[in-house]
Amino acid sequence: MSVRVRFAPSPTGFMHVGNARTALFNYLFARHHGGDFVLRIEDTDTERHSEEAVKVIYEALRWMGLDWDEGPDKGGPYGPYRQSERLDIYREFIEKLKEKGLVYECYCTQQELDQMRKEQLERGEPPRYTGKCRHLTEEEKARLRAEGRKPVLRFKVPEDRVIRFKDLVKGEIEINSRQLGGDFVIVRSNGMPVYNFVVVVDDALMKITHVIRGEDHISNTPKQILLYEALGFETPQFAHLPMILGPDRSKLSKRHGSTSVKEFREKGYLPEAFTNFLALLGWYPKDGKEILSLEELIERFDIKDVNSAPAVFDTTKLNWMNQVYIRSYPIDKLTELVIPYLEKAGFDLSAFDRKWLERVVEVSREYFTVLSDAPHYMEVFLKDDFEVEEDAKGFISENPDRLRVIELFYGKLKAFEGELTEEAFKKLVKEVGKELGVKGKNLFMPIRIGLTGKMSGVELPVLAELLGKERVLRRLENSLSKLRG
RNA sequence: GUCCCCGUCGUCUAGCCAGGCCUAGGACACCGGCCUUUCACGCCGGCGACGCGGGUUCGAAUCCCGCCGGGGACGCCA
């Protein structure tokens, strides 16, 4: 039987990195085995969900390069792929459970349940539903209905049964049915079925062979296994991925800073780096190669190599990886990605030639960690009327020779005929040094300051050639006036 | 509270299932040096971990037990 996995997020309006990793691992598993990757939207909690939120999921997945074979937008043989559109299907299976006598109506109110839980906790007992409504007579039900109460449907959990399953990541797990918290709700009082039920129906009907999801679902698994059995479905294989933790070792959440895929995208992480980094959170390739393309990840991915210990989400390594990817990215693509950041920073790029801009990106990218660093490092190429920084001013005023270097260089350049290539620039600087008897830092730094107003930056000859004679002259005039004044 | 899961450098991890090859390997970060007439890159080097205690064994990071620590789940959320 061929492998079928699914990613089943609920559209909350943002895609958490934990979800992103779950999606990735499902995708890698499917592609590695030549199977199908299904996208299903879990929106039974209707009030919370919107179309916009579904779009967020699509965008995150597409950005990461994870393409799905079946889904709400694509269709497929086991649709619909949105739970809110599958209500008739669920109804059918709920009827089945009713016929088998495996469910019953419960009329307890929210307040009653809360009260019960509170008392149990106070007594030091684990909170659980006691089965109070399990044996209501028809008359009692009628009376409760007359009070205006609307029942939920609860599933009868067997008294004392050990439920076992083999988790592909964690190994054998067993739990006694007594620990499940009592008979659980499968249909809300408003008629809407609940996660633990629909997930089973959907996974079974969609022929999902492997359920790969976060570790926080481990405790749901026994309940779901009970439902698979009650409905006469074959249980799939389970693989529970270790949690992703914040720096304080608690479950990663918004208070830990950036946790949504969108934020990483906006900061200027490349999807390749982000995906690569996520893959290494809880998984490690046998050959130890860490920089891996999606194809290479697919090739190497094995669910058996997934670590069972949780991983702390620390973006330090992601930063490094992003640099690695930035440096090897196709320059035209990188330029395309960088442009929005430059425009957002207020640079008018219309005056610049595309090829020239690519050259600038090429020499600047060595300095970027994230794409949003681009304006900072590229400014030196884009803006001629800069300020001279304080430390640079200080450096010049320390020694009168230093200002003279700029002045002489300016004069020589003005008189210079021809194109200002790297070679020509070096030659001119050398002449200045010779005539003034200045070398090293005392020679180069004033020229750097004259050209950029700063004490550090890209290599000067490269900068000079890219700017061209006219712009260099203008810059020297600019900084000279500021240094003298 | 109860149950479940987990515990190797600061972080991601290799090794653990099939005990000796582990004086515990790699990567990131950090520190130092080299390179560079700046910064960064790059190169070289350094720092740095088997949670604790018992067993089993000639030998344990690896197997067993206990403890401690961390996390998760206990919803008419998913």
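In the text below, chain A, chain B and the rest are named by the order of the sequence lines, each starting its count at 1. Computation of the quantities below employed the complete heavy-atom set of this structure, encompassing side-chain atoms and omitting hydrogens, waters and symmetry-equivalent molecules.
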Taking only the [atom1] atom of each, what is the distance from [N] to [M] in whole angstrom?
{"N": "B/rG48", "M": "B/rU8", "atom1": "C1'", "value": "12 Å"}
{"N": "B/rG15", "M": "B/rG25", "atom1": "P", "value": "15 Å"}
{"N": "B/rA24", "M": "B/rC65", "atom1": "P", "value": "28 Å"}
{"N": "B/rC74", "M": "B/rC28", "atom1": "C1'", "value": "38 Å"}

So A/Arg40 and A/Gln83, do their side chains get closer than 4.5 Å, heavy atoms only?
yes
Can you check whether A/Cys133 reaches A/Cys108 side chain to side chain, under 4.5 Å on heavy atoms?
yes
Kindly say if [X] contacts the phosphate of [N], meaning a side-chain N or O under 4.0 Å from OP1 or OP2.
{"X": "A/Arg249", "N": "B/rG69", "value": "no"}
{"X": "A/Lys286", "N": "B/rG15", "value": "yes"}
{"X": "A/Asn307", "N": "B/rA14", "value": "yes"}
{"X": "A/Arg117", "N": "B/rG75", "value": "yes"}

Out of [options], which has the shortest distance to the side chain of [X]?
{"X": "A/Pro310", "options": "B/rC6, B/rC5, B/rG1", "answer": "B/rC6"}
{"X": "A/Gln110", "options": "B/rA78, B/rC76, B/rC41", "answer": "B/rC76"}
{"X": "A/Ala311", "options": "B/rC12, B/rU2, B/rG75", "answer": "B/rC12"}
{"X": "A/Lys251", "options": "B/rC5, B/rG72, B/rG75", "answer": "B/rG72"}
{"X": "A/Arg327", "options": "B/rG72, B/rC41, B/rC3", "answer": "B/rC41"}
{"X": "A/Met243", "options": "B/rC5, B/rG71, B/rC74", "answer": "B/rG71"}
{"X": "A/Pro126", "options": "B/rG1, B/rC76, B/rC12", "answer": "B/rG1"}
{"X": "A/Leu245", "options": "B/rC3, B/rG71, B/rU11", "answer": "B/rG71"}

Sub-6.0 Å ring centroid separation between A/His217 and A/Tyr195
yes
[N] - base-pair partner by Watson-Crick or wobble geometry, distances under 3.5 Å:
{"N": "B/rU56", "value": "none"}
{"N": "B/rC74", "value": "B/rG1"}
{"N": "B/rG45", "value": "B/rC31"}
{"N": "B/rA61", "value": "none"}
{"N": "B/rC68", "value": "B/rG7"}

Tabulated below should be each protein N or O lying under 3.5 Å from an N or O of nucleotides 27-29 of chain B; please produce it.
residue : atom : partner  : partner atom : Å
B/rA27  : O4'  : A/Glu290 : OE1          : 3.4
B/rA27  : O2'  : A/Glu290 : OE1          : 2.4
B/rA27  : O2'  : A/Lys317 : NZ           : 3.4
B/rA27  : N3   : A/Lys317 : NZ           : 3.0

Just call it for A/His240: base, sugar-phosphate, or nothing, with non-hydrogen atoms closer than 4.0 Å on any strand.
nothing
Exercise: identify the closest heavy-atom pair between A/Gly131 and A/Tyr104
CA-OH, 3.7 Å
Fit a plane to each ring of A/His16 and A/Phe14, take the angle between them on a 0 to 90° scale, and name the class: parallel (under 30°), tilted (30 to 60°) or perpendicular (over 60°).
perpendicular
Considering only heavy atoms and no angle criterion, is a donor-acceptor pair shorter than 3.5 Å present between the side chain of A/Ser189 and the base of B/rC76?
yes
Presence of donor-acceptor pair under 3.5 Å, side chain of A/Asn220 and base of B/rA78
yes
Output, in order, the C-alpha distance, side-chain angles, deciding distance and verdict of side-chain contact (heavy atoms from CB on, under 4.5 Å) for A/Leu408 and A/Val405.
CA-CA 5 Å; A/Leu408 183 58; A/Val405 167; over 6 Å; no
Donor on one side chain, acceptor on other, [X] and [Y], under 3.5 Å:
{"X": "A/Gln111", "Y": "A/Gln115", "value": "no"}
{"X": "A/Tyr284", "Y": "A/Glu290", "value": "yes"}
{"X": "A/Arg213", "Y": "A/Thr221", "value": "yes"}

